[in-house]
Number of protein chains: 2
Amino acid sequence: MSNEHRPHRPASAATLADVARAAGVSEITASRVVRGRGPISAATRAKVEAAIAAVGYVPNRLAGGLASAGSNLVGVVLPSLSNSVFPDVLSGLNAAIAGERLRTLVAVTDYDLDAERDAVAALLAWRPAALVVVGLEHRPETREMMAASGATIIELMDVEGEPVDLAVGLSHTAAGAAAARRLLARGRSRIGYVGHGAGDLRAAKRRAGLEAALKRDADLALAGAHVLDAPSSVGAGRAALAALLDAAPELDAVVFSNDDMALGGAFHCMAAGVDVPGRLALVGFNGLELANALPKPLTTVRTARGEIGRIAGEMLCARLRGETPPRVTDVGFDVVAGGTD
Amino acid sequence: MSNEHRPHRPASAATLADVARAAGVSEITASRVVRGRGPISAATRAKVEAAIAAVGYVPNRLAGGLASAGSNLVGVVLPSLSNSVFPDVLSGLNAAIAGERLRTLVAVTDYDLDAERDAVAALLAWRPAALVVVGLEHRPETREMMAASGATIIELMDVEGEPVDLAVGLSHTAAGAAAARRLLARGRSRIGYVGHGAGDLRAAKRRAGLEAALKRDADLALAGAHVLDAPSSVGAGRAALAALLDAAPELDAVVFSNDDMALGGAFHCMAAGVDVPGRLALVGFNGLELANALPKPLTTVRTARGEIGRIAGEMLCARLRGETPPRVTDVGFDVVAGGTD
DNA sequence: CTGTTAGCGCGTTCAA
DNA sequence: TTGAACGCGCTAACAG
């Protein structure tokens with residue numbers, strides 16, 4: 001009621017009513033110009049815009065969202081930010097939705113499915129227009145919450161499994177198999193594996209695809225494996241390859257769980273004087289920009305991370321426009337022939 | 001076009017009233033158990049919790065925020081996600097605030113101060129508990145909006161300038177000077193610079209600090225510089241160093257705008273057979289984990305990125321508890337003596 | 001420990 | 001092209 005002299009106190013921020021009063025129009029008219037909706041005469045629009053500037057109005061999306069039963073938020077649940085993969089995805093997503101004035105609400109789970117469940121619940125409380133999660137494997141409650149929410153749900157990175165709603169990604173099993181076939185074609189037969197900590201289900205699928213293809217195509221088993229119980233990192237990859245070669249010096253190729261680990265492997269070889277690819281072939285996964293700038297570019301399986309984010313953003317915009325995007329989008333992958341195999 | 005997006009909600013999302021009815025208590029009682037606030041008897045808590053599960057209640061934070069005049073959101077405005085620096089910061093921040101049930105609302109500006117202004121306005125509309133931005137240089141309107149919002153404002157990465165509210169970071173001028181002194185102490189005198197695209201104001205401060213210290217301590221000017229008008233990347237660093245050495249082959253040291261660029265420089269030297277540090281010294285900035293896993297670790301100026309995020313998160317939690325954190329926190333930096341100088 | 005009252009600021013629905 | 005009334009779902013401030 002009291003709004004005669006409003007001090008510069010953010011405690012009482014200007015509301016639409018203040019704008020309307022200053023402009024000499026009704027609240028709803030002010031609301032319409034704020035949102036750029038409905039027919040407004042140029043004259044009243046100008047008055048209202050002046051009033052907005054005069055009172056320093058900042059819309060309250062809490063109220064707006066409550067009144068209209070939904071927000072322009074996109075919940076994003078990511079396993080990690082510690083290598084460039086998910087930041088790349090987030091970047092592509094952000095770029096694709098910026099035009100629709102959608103905002104990303106981000107949570108990080110550290111590859112923990114219980115943390116994912118909590119994050120999904122917390123983000124759903126914001127009545128997001130869409131929720132983006134990584135992978136197709138979730139706790140049953142997580143799936144139920146997502147399905148029951150009515151929001152557009154997009155599951156990223158993987159296409160092997162049944163999505164709750166929409167999925168954009170690639171087949172990690174196929175990617176692992178492609179690495180296997182690449183090495184077999186290059187004449188390698190004593191193939192090892194270096195991996196990182198549990199929780200990364202897609203890395204596990206790649207390894208399974210690798211092993212299955214080795215078996216099927218050449219009746220081979222992995223000739224050695226070293227899996228660190230730690231997040232992937234270049235340092236971890238370096239240490240892990242050193243350990244693996246120690247235990248299995250006869251290996252002629254190593255597949256890594258991702259490029260960070262592979263880069264570490266490459267650095268170990270440089271430092272230890274292991275001839276790559278002469279004595280040992282190295283294959284990574286992701287196709288990081290960095291890995292291609294090496295003196296000897298890394299042979300790797302490149303994924304379109306930014307593009308996955310971008311496509312997810314576009315699908316979600318399509319959905320909001322009432323269109324029906326394809327349920328599953330497989331963006332595939334490329335085997336990049338570098339110099340390490 | 002609308003800025004309001006309406007998800008396809010199920011006809012009947014359960015509300016607190018549904019929970020209250022199912023539990024046979026009042027709404028406010030149900031609300032208290034949902035929020036874990038206020039004294040509740042074990043018996044009624046159990047009843048309400050059963051009701052929550054039975055009706056599949058998901059709280060509506062839009063309504064909650066409106067009623068309590070504020071959200072548990074932390075707006076985060078980042079210049080970029082394309083190298084690990086800001087993801088590292090975001091990671092630290094997220095980890096520090098997770099315990100307080102705060103969520104990050106993320107916007108990316110591509111180092112554009114106008115985009116920053118728009119992002120700040122958009123995030124403020126969510127009545128965030130705090131707003132985290134990068135750098136101390138903003139458009140005047142941006143500063144005004146932030147100051148007027150009443151939210152806790154934290155400006156990250158830099159401490160040279162007057163913060164709107166709170167700042168956590170380091171002196172980039174001093175970091176640049178430290179690189180200069182390091183090289184001078186190692187006997188270098190023909191020092192060049194490789195930089196990346198405009199917009200990165202802190203990189204500019206580092207360069208200025210480098211040049212000022214060279215002048216002051218040794219009356220030296222830069223013996224060459226190559227600045228790409230592109231975002232920093234390993235590939236860009238590699239190309240830029242090649243170009244710089246072409247134009248100024250007499251250089252005996254190069255300082256890079258950051259580690260990504262410096263890594264590219266190191267890779268160029270490996271590929272081109274440039275003896276590092278014999279003929280040429282290389283110095284980076286950031287102290288990426290990766291740069292330390294190289295066969296010859298990069299000499300660089302390490303910044304505590306994750307820690308900056310963490311401290312920001314803690315300061316903001318302190319503020320929310322009514323404490324008064326220090327206005328400016330300088331986390332400093334370390335010159336890391338690698339093998340490239 | 002629990003309930004009542006009274007909005008929060010906005011957008012929808014209808015009417016003019 | 002503009003406006004009035006109503007309520008979205010929840011919580012602060014008091015009671016009791």
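Residue numbering restarts at 1 for every chain, and letters A, B, ... go by the order of the sequence lines.
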**Message:** If the cut-off is 4.0 Å, is A/Ser31 near the phosphate of C/dG11, judged by side-chain N/O to OP1 or OP2?
**Reply:** yes
**Request:** Give the nucleotide from the list C/dC1, D/dT1, C/dT4 with an atom nearest to the side chain of A/Ser41.
**Result:** D/dT1
**Request:** For DNA chain D, find the residues of residues 45-56 of chain A with a heavy-atom distance under 4.0 Å and give them by number; none if there aren't any.
**Result:** none
**Request:** Mind calculating the distance between CG (A/Leu62) and P (C/dG11) to the nearest angstrom?
**Result:** 12 Å
**Request:** Could you list the residues that satisfy side-chain contact (heavy atoms from CB on, under 4.5 Å) with A/Asp165, not counting sequence neighbours?
**Result:** A/Thr152, A/Ile153, A/Arg319
**Summary of side-chain hydrogen bond (donor to acceptor under 3.5 Å, both in side chains) pairs that have at least one residue in residues 115-140 of chain B, sequence neighbours excluded** = B/Asp114-B/Arg117, B/Asp114-B/Arg139, B/Glu116-B/His138, B/Arg117-B/Glu141, B/Glu137-B/Lys205, B/His138-B/Glu155
**Candidate nucleotides C/dC10, C/dG3, C/dT2, ranked by approach to the side chain of A/Asn60 - the nearest** = C/dC10
**Counterpart residues, salt bridge (charged side-chain N to carboxylate O under 4.0 Å, His left out), relative to B/Arg101 (two or more places apart)** = none
**Asked** Any side-chain N or O of A/Thr29 less than 4.0 Å from the OP1 or OP2 oxygen of D/dG3?
**Response** yes
**Item:** Interatomic distance, B/Glu27 CD vs D/dT11 C1' [rounded to whole Å]
**Value:** 10 Å
**Asked** Can you find a heavy atom in the side chain of A/Ser31 that is under 4.5 Å from one in the side chain of A/Ile28?
**Response** yes
**Message:** Using whole Å, what does the distance between atom P of nucleotide D/dT11 and atom CZ of B/Arg127 come to?
**Reply:** 18 Å
**Prompt:** CZ of A/Arg61 versus C1' of C/dC10: gap in Å, rounded?
**Reply:** 10 Å
**Whole-Å distance separating the CG atom of B/Leu16 from the P atom of D/dG9** = 11 Å
**Set of residues satisfying side-chain contact (heavy atoms from CB on, under 4.5 Å) with respect to B/Val159, sequence neighbours excluded** = B/Ser171, B/Val328, B/Asp330
**Prompt:** Start at the 5' end of DNA chain C and walk down; is the nucleotide closest to B/Ala42 or to B/Ala63 reached first?
**Reply:** B/Ala42
**Item:** A/Asn72 CG to C/dC10 C1', straight-line distance once rounded to whole Å
**Value:** 14 Å
**Closest non-hydrogen atom pair between B/Gly169 and B/Ile308, with its separation** = CA-CD1, 4.1 Å
Produce the list of close N/O pairs, under 3.5 Å, pairing protein atoms with atoms of nucleotides 12-14 of chain D; give distances to one decimal.
| residue | atom | partner | partner atom | Å |
| --- | --- | --- | --- | --- |
| D/dA12 | OP2 | B/Arg35 | NH1 | 3.1 |

**Asked** Which nucleotide sits closest to the side chain of B/Ile40: C/dC8, C/dC10, C/dT2?
**Response** C/dT2
**Request:** Report the residues that fulfil side chain to side chain donor-acceptor pair (under 3.5 Å) with A/Thr329, sequence neighbours left out, ordered by chain and then residue number.
**Result:** none
**Prompt:** Does the distance from a Lys or Arg side-chain N to an Asp or Glu carboxylate O, for B/Arg21 and B/Glu27, drop under 4.0 Å?
**Reply:** no
**Request:** Hey, could you give me each pair passing side-chain hydrogen bond (donor to acceptor under 3.5 Å, both in side chains) that has a residue in residues 64-78 of chain B? Not counting sequence neighbours.
**Result:** none
**Short side-chain N/O contact from B/Thr44 to OP1 or OP2 of C/dC1, under 4.0 Å** = no
**Message:** Strictly by salt bridge (charged side-chain N to carboxylate O under 4.0 Å, His left out), give each pair with a member in residues 29-39 of chain B just once, sequence neighbours left out.
**Reply:** none
**Prompt:** What residues, two or more places apart in sequence or in another chain, satisfy side-chain contact (heavy atoms from CB on, under 4.5 Å) together with B/Ser82?
**Reply:** B/Ser80
**Prompt:** Could you give the CG-to-C1' distance, from A/Leu66 to C/dG11, as a whole number of Å?
**Reply:** 10 Å
**Divergence of helical axes at both termini of the helix from C/dC1-D/dG16 to C/dA16-D/dT1 - five pairs an end, 10° steps** = 20°
**Asked** Which pairs, with at least one residue in residues 40-52 of chain B and sequence neighbours excluded, count as a side-chain hydrogen bond (donor to acceptor under 3.5 Å, both in side chains)?
**Response** B/Ser41-B/Thr44
**Request:** Respond yes when some side-chain nitrogen or oxygen of B/Thr15 is under 4.0 Å from OP1 or OP2 of D/dG9, and no when none is.
**Result:** no
